[in-house]
2 protein chains.
Amino acid sequence: MKRRTSQRTALENVFDNEDRPMGVNEILETAREFVGSLNQATVYRNLKVMVEKGILLQISDPVLGTLYERTGKAHHHHFHCRVCDRVFELPGCGLGKNKAVPKGYVTEGHEIFLFGVCPSCSG
Amino acid sequence: MKRRTSQRTALENVFDNEDRPMGVNEILETAREFVGSLNQATVYRNLKVMVEKGILLQISDPVLGTLYERTGKAHHHHFHCRVCDRVFELPGCGLGKNKAVPKGYVTEGHEIFLFGVCPSCSG
DNA sequence: GTCGTTGCAAAGCCTTTGCAGGGAA
DNA sequence: TTCCCTGCAAAGGCTTTGCAACGAC
C-alpha cells in the first residue's frame, strides 16, 4: 500500500460515507459508484491490506459472514437487524463485571452480537 | 430423518462424547471412528436436518466459522482459545441489565464470544 | 418392495492467487 | 523508467445438489 490509486480512494470513500460494518459485496457495489471498473479481487486485496495496516477491523456476523468497519472507535458492539439484515454499531458495552469466567480461563477480549429489529424497521 | 442409520447414530455419538461445539471437519473425523465410510455430504445433510429438528444449534465462531452444539443446555456463551483453537461453553451470562440498547432498537437475542486462553493451555 | 438415505462426483459460493498489462511516482 | 497495483481468469476451500445404488422398515 505505497501508491495512491483511484481504487483505494474509492474504498476509503465507502467507509467515510457509511458508518456501519459492511460486507465485501456491499463495499464493492458502493465503491463502483466511484470507480466503475473496480474488480472484486482488488477489493479483497485492499481490504486485507487495510486490516493489516490497522485501518479496518474485520468482524464476523453469524448470518452475513465477514464484515469490515473502521477502527479507532470507542468500544462498542453490534446489532444485527433481522428485517433489513444490516448491522449497526451500538455504543458502550453491556458486559457486566460478572463476566468472570470459570477458574483457569484467561480472557483477552470479547465480541457481542445482538439480534432484533432496528429503528428503521420497527418504527 | 425417518430412518435410523448407522451414520446418524455415529453423529449422535460424537455429540454425546464431546460436550463442546465442533466444526464439520472435527465431527466428520470423529464420526468416522464409528462408520469409516462416512461421507462429508452425509454429514452436511444430517447436521442440517438436526438443526431443523432442534437437536443441534448452529453457532458462528469468528475464526473457525460454523460450529454445532447440542441444544437444551442452560443459557451460556462461548470461549475461543487462541492456543488450541477449541471452543468451550461457559455457563451463565455476563450481559448486565444495562444491555439497554439505544432508543428504537428491539433486542430479541444475543451471542457472546470470549477470546483468550483455556485452562489446558494456560496451566 | 418402497422410498428415505448414502456415496460419489459435479456444481455453487466466496476468497485467493498467477500473470501480464497499466499507471503512480 | 521502475515496480506497485489492477483486472482477468483460474484455482482453492467449504457447502450444496443430482443421481444411481443401497438399505431400513
Side-chain angles (χ1 to χ4, degrees), chain A residues 1-15 21-69 78 80 85-87 113, chain B residues 1-15 21-69 78 80 85-87 113:
Chain A
M1 196 137 181
K2 298 171 184 175
R3 289 179 187 173
R4 169 144 300 281
T5 65
S6 58
Q7 289 87 343
R8 279 176 185 168
T9 304
L11 286 175
E12 278 164 22
N13 285 342
V14 171
F15 286 98
M22 289 173 286
V24 171
N25 227 39
E26 184 176 3
I27 294 169
L28 174 63
E29 283 170 17
T30 311
R32 276 188 172 152
E33 293 171 11
F34 302 101
V35 177
S37 66
L38 182 60
N39 189 275
Q40 257 191 348
T42 303
V43 173
Y44 277 106
R45 275 189 282 237
N46 278 293
L47 288 176
K48 192 175 181 182
V49 172
M50 289 162 93
V51 167
E52 286 164 357
K53 276 189 64 176
I55 294 171
L56 294 184
L57 204 63
Q58 207 175 26
I59 65 174
S60 169
D61 181 285
V63 176
L64 304 174
T66 304
L67 304 178
Y68 297 84
E69 69 181 12
H78 300 101
H80 180 129
D85 266 335
R86 283 182 302 174
V87 174
F113 251 95
Chain B
M1 198 136 183
K2 298 171 182 175
R3 289 179 189 173
R4 170 146 299 280
T5 65
S6 58
Q7 289 87 342
R8 279 176 187 168
T9 305
L11 286 175
E12 278 162 23
N13 286 343
V14 171
F15 286 97
M22 288 172 286
V24 170
N25 227 40
E26 184 176 3
I27 294 169
L28 174 64
E29 283 171 17
T30 312
R32 276 189 173 152
E33 293 171 10
F34 302 101
V35 178
S37 65
L38 183 60
N39 190 275
Q40 255 192 348
T42 303
V43 174
Y44 277 107
R45 276 187 283 237
N46 278 293
L47 289 176
K48 192 176 181 182
V49 171
M50 290 163 93
V51 168
E52 286 164 357
K53 277 188 65 178
I55 295 172
L56 292 184
L57 204 64
Q58 206 175 27
I59 65 173
S60 170
D61 181 285
V63 177
L64 303 174
T66 304
L67 303 178
Y68 297 84
E69 69 180 10
H78 300 101
H80 179 127
D85 267 334
R86 284 182 302 174
V87 174
F113 250 95

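All values reported here derive from a predicted model rather than from experimental measurement. Every chain is numbered from 1 and lettered A, B, ... according to where its sequence line falls, protein lines coming before strand lines.
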* To do: State which residues pass ring-ring contact (aromatic ring centres under 6.0 Å, His included) with A:F15; sequence neighbours excluded, sorted by chain then number.
  =>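 So A:F15 forms no ring-ring contact (aromatic ring centres under 6.0 Å, His included) with any residue.
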* In residues 24-40 of chain A, which residues come under 4.0 Å of DNA chain D by heavy atom? -> A:S37, A:L38, A:N39
* To do: Residues of residues 42-69 of chain B with any non-hydrogen atom less than 4.0 angstrom from an atom of DNA chain D: list those, numerically ordered, please.
  =>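 Only B:Y44, B:R45 qualify.
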* Asked: Are any non-hydrogen side-chain atoms of A:L56 and A:E69 less than 4.5 angstrom apart?
  -> no
* Considering only heavy atoms from C-beta outward, does the side chain of A:T30 approach that of A:I27 to under 4.5 Å? -> no
* Along DNA chain C, first and last positions that approach a heavy atom of chain A under 4.0 Å ->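 Contact span on the strand: C:dC14 to C:dA25.
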Report the residues that fulfil side chain to side chain contact (heavy atoms under 4.5 Å, CB included) with [X], sequence neighbours left out, ordered by chain and then residue number.
X     : result
B:K2  : none
A:S6  : A:V35
B:I55 : B:M50, B:K53, B:R70
B:R3  : none

* Partners of B:E12 by salt bridge (charged side-chain N to carboxylate O under 4.0 Å, His left out), sequence neighbours excluded? -> B:R4
* With sequence neighbours excluded, what pairs up with A:E26 under the salt bridge (charged side-chain N to carboxylate O under 4.0 Å, His left out) test? -> A:R20
* **Any pair counted as side chain to side chain donor-acceptor pair (under 3.5 Å), so long as it reaches residues 34-50 of chain B, sequence neighbours left out** =>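 Found B:R8-B:N46.
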* Asked: Reading nucleotides 20-25 of chain D from the 5' end, what letters show protein touch, with B for base, S for backbone sugar-phosphate only, - for no heavy atom under 4.0 Å?
  -> ---BBS
* Asked: Will you find, in the side chains of A:H80 and A:D61, an N or O donor that is under 3.5 Å from an N or O acceptor?
  -> yes
* To do: Working to the nearest 0.5 Å, report the span between CG of A:L67 and CE of A:M22.
  =>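 Result: 9.5 Å between the selected atoms.
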